[in-house]
Amino acid sequence: MLAVGPVAAATHADGAWDGAFGGELFVARVREHEPLSALAVAIGAYRLTRSATGRAWADVWVGTYRPLGVAWGVSGGPVVEFNEFRPPQVGWQASIWLFAGAVPYARVGSVGRSGRFAEVGLRIPLPAIRWR
């Protein structure tokens with residue numbers, strides 16, 4: 001399945017909260033009755049609302065329907081932070097997520113000199129192409 005959709009988050013870095021809005025593109029394989037039920041690759045980006053900062057990422061997702069009966073899992077990968085006033089900073093991020101039509105998630109990460117960040121957000125993957 002190919003899916004695309006918006007991402008909205010509240011992110012905490014440098015002792016303050018900020019909103020973020022952007023989008024994400026997924027390529028996913030979902031097999032509900034297998035132990036490893038979901039495998040996906042996603043790329044995305046967003047811009048923070050109060051600062052001159054944005055982030056772009058590439059994540060690998062793994063998920064299962066066990067034991068909850070709904071898809072949940074973890075994802076992680078590299079992140080690049082862009083800022084109008086300094087060169088791009090490279091780092092990492094990791095998330096835990098739950099598929100409930102929309103996908104709420106919690107994420108932690110670290111980016112270069114900017115340091116650590118934590119966020120909670122919501123993804124809305126809209127299927128664009130389905131295949132078997």
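FYI, side chains are in, hydrogens and waters are out, and symmetry mates aren't considered; it's all heavy atoms of this structure. Count residues from 1 along the sequence.
- If you take OH on Tyr65 and CD on Glu32, they are separated by 4.0 Å, rounding to the nearest 0.5 Å.
- Thr49 and Asp18 share a side-chain donor-acceptor pair at under 3.5 Å.
- Here the closest heavy-atom approach between residue Val79 and residue Ser110 is recorded as CG1-O, 4.3 Å.
- Between Trp57 and Gln93 there is a side-chain heavy-atom pair separated by less than 4.5 Å.
- Residues Arg107 and Tyr46 approach most closely at NH1-CE2, 4.0 Å, considering heavy atoms.
- No continuous path of ILVMFWY side-chain contacts below 4.5 Å connects Leu126 to Leu25, so the two sit in separate hydrophobic clusters.
- Counting heavy atoms from C-beta on, the side chains of Val70 and Leu98 come closer than 4.5 Å.
- Ser75 places a side-chain heavy atom less than 4.5 Å from the side chain of Trp97.
- Annotation for Trp72: atom CH2 does not count as buried by contact number, only 12 or fewer foreign heavy atoms lying within 6.0 Å.
- A pairwise comparison of heavy atoms in Leu122 and Pro104 identifies CD1-N, 3.6 Å as the closest pair.
- For Tyr105 and Glu119, the side-chain atoms include at least one donor-acceptor pair closer than 3.5 Å.
- Using a 4.5 Å heavy-atom threshold, the side chains of Pro125 and Val103 count as touching.
- Here the shortest heavy-atom pairing between Ile43 and Ala58 reads CG2-CB, 4.1 Å.
- With a 4.5 Å cut-off on side-chain heavy atoms, Phe117 and Val111 count as touching.
- Ring geometry for Trp61 versus Phe26: interplanar angle over 60°, hence perpendicular rather than tilted (30 to 60°).
- Ion pair Arg116/Glu81 not flagged as a salt bridge, since none of the NZ, NE, NH1 or NH2 atoms sits closer than 4.0 Å to an Asp/Glu carboxylate oxygen.
- Within the model, atoms CZ of Arg31 and CZ of Arg29 stand 5.0 Å from one another, a figure rounded to the nearest 0.5 Å.
- When side chains are defined from C-beta on, Trp131 counts as touching Leu2, because their heavy atoms get closer than 4.5 Å.
- The CG atom of Asn83 lies 4.0 Å from the OG1 atom of Thr53; values are rounded to the nearest 0.5 Å.
- A salt bridge is absent between Arg66 and Glu34: the closest approach of a Lys/Arg side-chain nitrogen to an acidic carboxylate oxygen does not fall below 4.0 angstrom.
- For the atom pair OG of Ser51 and CZ of Arg47, the computed distance is 7.0 Å after rounding to the nearest 0.5 Å.
- By the 4.5 Å heavy-atom criterion applied to side chains, Val74 and Val62 are counted as neighbours.
- When all heavy atoms of Ala102 and Ile124 are compared, the pair lying nearest together is CB-CG1, 4.3 Å.
- In plain terms, the two heavy atoms of Ala52 and Phe85 that are nearest each other are CB-CE1, 3.7 Å.
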